[in-house]
Protein chains: 4
Amino acid sequence: MSFAKNEHKQEQRNKVLISALECFASKGYDAATMDDIVLHSSVSKGSIYKLFKSKEEIYIELMYKYTDEFFEEINLILAKYTTAREKLSSLFIEYLNGQFDSYKLNSFLVHFELQLYSTRKEQMLKLLEERRLKRLGIISKVISEGIQNGELKQTHDADVYAEMFWAFFDGAIETKLVFPNFPYEKLVIEQRDVFIKNLANN
Amino acid sequence: MSFAKNEHKQEQRNKVLISALECFASKGYDAATMDDIVLHSSVSKGSIYKLFKSKEEIYIELMYKYTDEFFEEINLILAKYTTAREKLSSLFIEYLNGQFDSYKLNSFLVHFELQLYSTRKEQMLKLLEERRLKRLGIISKVISEGIQNGELKQTHDADVYAEMFWAFFDGAIETKLVFPNFPYEKLVIEQRDVFIKNLANN
Amino acid sequence: MSFAKNEHKQEQRNKVLISALECFASKGYDAATMDDIVLHSSVSKGSIYKLFKSKEEIYIELMYKYTDEFFEEINLILAKYTTAREKLSSLFIEYLNGQFDSYKLNSFLVHFELQLYSTRKEQMLKLLEERRLKRLGIISKVISEGIQNGELKQTHDADVYAEMFWAFFDGAIETKLVFPNFPYEKLVIEQRDVFIKNLANN
Amino acid sequence: MSFAKNEHKQEQRNKVLISALECFASKGYDAATMDDIVLHSSVSKGSIYKLFKSKEEIYIELMYKYTDEFFEEINLILAKYTTAREKLSSLFIEYLNGQFDSYKLNSFLVHFELQLYSTRKEQMLKLLEERRLKRLGIISKVISEGIQNGELKQTHDADVYAEMFWAFFDGAIETKLVFPNFPYEKLVIEQRDVFIKNLANN
DNA sequence: AATGAATGAGACTTCATTCAT
DNA sequence: TATGAATGAAGTCTCATTCAT
């Protein structure tokens, strides 16, 4: 396949994925139909099935896309800072301050649903487990480094605090997705202070 | 309707709800069919439709059931203790220590999915919002009382901490549901300590 | 069976038939359910099935009832008059002047539907054919007698005019049933004049 | 959509409509199933539901088709003649002489049933009312013109006679549909003579 | 290569009839 | 005898996927 052709294919795939994300977000994975995606993406059904094996494959690809973007953003932020406290603080503020655009909101929503969906799909679960550990590792590493350089308390278990970091965000973001009145930003600020104060070597 | 008949009807409803919970948990709401529920509950299709208007009504009833049981358990625990610290601590330990039986796990799973599903159903959302505020109020009240009697720091906002309380659990329980390896119990212990230490007056 | 019991049975049957007529009229035979009839008649389902073999049997019984009442009314009117002209005229005016109560309207509606329905039920068709010929004979006889006693023109065929008599009414009543604006009464008056003038000897 | 595709679609729609007409005629609207229509038309269920929104929509479309064909035939006949008497006479003879093929018989049968069915569907009733008035207008106009040019008696009300015209046909055709022995043709001839003689200026 | 018409399995739901109480 | 809960066959409609053009 020539380069140009391959590029076209990638564009098409992206068009489909972006449309699918909106369809899945607005109707749910099951309720969204391939026709919805065809309409929304302006890519014909035949072409979609050339690009993706099935509706479920689109779902899975969306997960990859979400994951890639997720790590990219996280790493981008972390690279800007040097101390553990700055890194953690900036994640709270820069990435997760809740000023999400609709694309990001949809991504989160669809991702949460997919995670529960994957409960029944061993294969998907494995992929998600990997991503979970990777996500954990990133924060764990930041904390470990902070501990090693004396910034953070030695008494704390980096892994456990990394889990706590994400548990909070998962819960808070999901709540925000479902309940628009949820005071997400206020919570994030408070949690940041509590979290860092707890870890910090005063 | 006589008492005996009404009781029978309640039993049947319960049978269906319990079966539906398992079906929804093991396949997902959309993928689970009425035939699945018929098979699992040994209640005929016609009878199920006499008991419930639609598949979705079963889903909603399940939410009510879950909510009722949830508040019942929480209140039972809180009634056993007097100080705010004991109350909070016992919630972490007694209710949420993660020794969940399969019924409870299924309830959580189905409830999380329903919550995301309800994103697209205004009416369901209202009910969930009510429940959310009620759940919030329970913890908020415990914290407020602790603040008033000097047990907890006056500087903290009871509502914000109540939100943090639940955000953590939502995130942790969901993670536990999806990833069996997730060290839920260890996390809960740690979070309890951090949470209470943060709130407590020295 | 004792007399009292038998009478009770007849009463029950009547209750069911009257209710079924309203249900069939308001929803159509197919759309009306046995539960509708149960509700409307306050006769339990078990009892209805003791009284009638099936829903269709109720339909058929309704036809018998309609037919009996039809002939009774017609004969009552005819008995009051002596000349052919008076008899015909009075049928136009007394029986068919369109001041139908809702019971009669329902009877007509259900009867028309049943007639078309019976197209596919050989057995019912036979019964209807009999009734049709009987109905025809009544008018035919009136006309024949009028011809014989010189009241009406000898050149006319009594059977053909009898058919015309009923064809008009069938068409007019059906139209009236469907279209409330249809000027039924005006038409009946005019048709009476035309019909009788045509038959009458000067 | 290209012309060829659109044409194909029209053909398919027609295939389905013709099959549905036969199914509705032979079993009745309610008793006829979509599977019957699928089998009879050799158009798959999915395709039928692409072509028509629901079973009822097929019914309604059938009404439109019937109506269109009805007016086309009537107008074709009327266009061939000039005098009112000829026009009326030709309608009796050419259109309504009863030499109906099975397609026309089915159309009449289904149409009569639909008319009664529409009693409970306000929207359908409106459409039928329009058609009724249009049908009335055609005959009314013929008679009015005959009156104006002195062919027909001035004393008669064109509208009333137009109503009588159709009432007779409705009754006669319905009777013919149900009872094959009904002497429809003989009746039409007689009715024509009576009807025209009554109107004609000797 | 791209399209979208065609397919038909399978979903939810209804309701005439039966039968245990 | 009278009841109405229980049944499950059968209905309408949807939609992921295929394939001829």
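Each salt bridge (Lys or Arg N to Asp or Glu O under 4.0 Å) pair with one or both residues in residues 15-32 of chain C, not counting sequence neighbours, appears once here: C:Lys27-C:Asp36. For residues 110-122 of chain A, every residue pair satisfying the salt bridge (Lys or Arg N to Asp or Glu O under 4.0 Å) rule, not counting sequence neighbours, is listed here: A:Glu56-A:Lys121, A:Glu113-B:Arg120, A:Arg120-B:Glu113.
Near DNA chain E, meaning a heavy atom under 4.0 Å away, there are no residues from residues 12-19 of chain B. At a non-hydrogen distance threshold of 4.0 Å, nothing from residues 109-124 of chain A comes into contact with DNA chain E. Scanning residues 23-48 of chain B for heavy-atom distances under 4.0 Å to DNA chain F yields B:Ser44, B:Lys45, B:Gly46, B:Ser47.
Checking side-chain atoms of D:Ser107 against main-chain N and O of D:Tyr103 turns up a donor-acceptor pair under 3.5 Å.
Taking C:Arg13 as the reference, C:Glu61 meet the salt bridge (charged side-chain N to carboxylate O under 4.0 Å, His left out) condition, with sequence neighbours excluded. Listed by chain and number, the residues in a side-chain contact (heavy atoms from CB on, under 4.5 Å) with C:Glu129 are C:Arg132, C:Leu133, D:Phe179, D:Asn181 (sequence neighbours excluded). Residues meeting the side-chain contact (heavy atoms from CB on, under 4.5 Å) test with C:Leu39, sequence neighbours left out: none. Under the ring-ring contact (aromatic ring centres under 6.0 Å, His included) criterion, C:Tyr117 pairs with C:Tyr29, C:Tyr59, sequence neighbours left out. Residues forming a salt bridge (charged side-chain N to carboxylate O under 4.0 Å, His left out) with A:Lys126 (at least two apart in sequence, or on another chain): none. The ring-ring contact (aromatic ring centres under 6.0 Å, His included) check on B:His111 picks up B:Tyr66, with sequence neighbours excluded.
Spacing between atom CG of A:Asn6 and atom P of E:dA1 amounts to 12 Å, rounded to whole angstrom units. Between the CZ atom of D:Phe52 and the P atom of E:dA6 there is a distance of 13 Å, given to the nearest Å. What separates CD of D:Glu56 from C1' of F:dC13 is a distance of 14 Å, to the nearest Å. The separation between C:Glu57 atom CD and E:dA16 atom P is 15 Å, rounded to whole Å. Between the NZ atom of A:Lys53 and the C1' atom of F:dT18 there is a distance of 16 Å, given to the nearest Å. When the P atom of F:dA6 is taken as reference, atom CG of B:Leu51 falls 8 Å away, rounded to whole Å.
Applying the 4.0 Å criterion to OP1 and OP2 of E:dA2, one finds that A:His8 has a side-chain N or O inside that range. Phosphate proximity of E:dA5 to D:Lys50: absent, as no side-chain N or O sits under 4.0 Å from OP1 or OP2. OP1 or OP2 of F:dC13 has at least one side-chain nitrogen or oxygen of D:Tyr49 nearer than 4.0 Å.
Scanning both residues, D:Leu116 and D:Thr119, for their nearest heavy atoms gives O-OG1, 2.7 Å. Here the shortest heavy-atom pairing between D:Ala32 and D:Cys23 reads CB-O, 3.7 Å. Here the closest heavy-atom approach between residue C:Ile48 and residue C:Val16 is recorded as CG1-CG2, 4.0 Å.
Every stem involving DNA chain F, taken as at least 3 paired positions in a row under the Watson-Crick or G-U wobble test at 3.5 Å, is listed here: E:2-21 with F:2-21.
For the atom pair B:Leu51 CG and B:Lys9 NZ, the distance stands at 6.5 Å (nearest 0.5 Å). Separation of atoms OG (B:Ser41) and CG (B:Asn14) is listed at 12.0 Å; rounding is to 0.5 Å.
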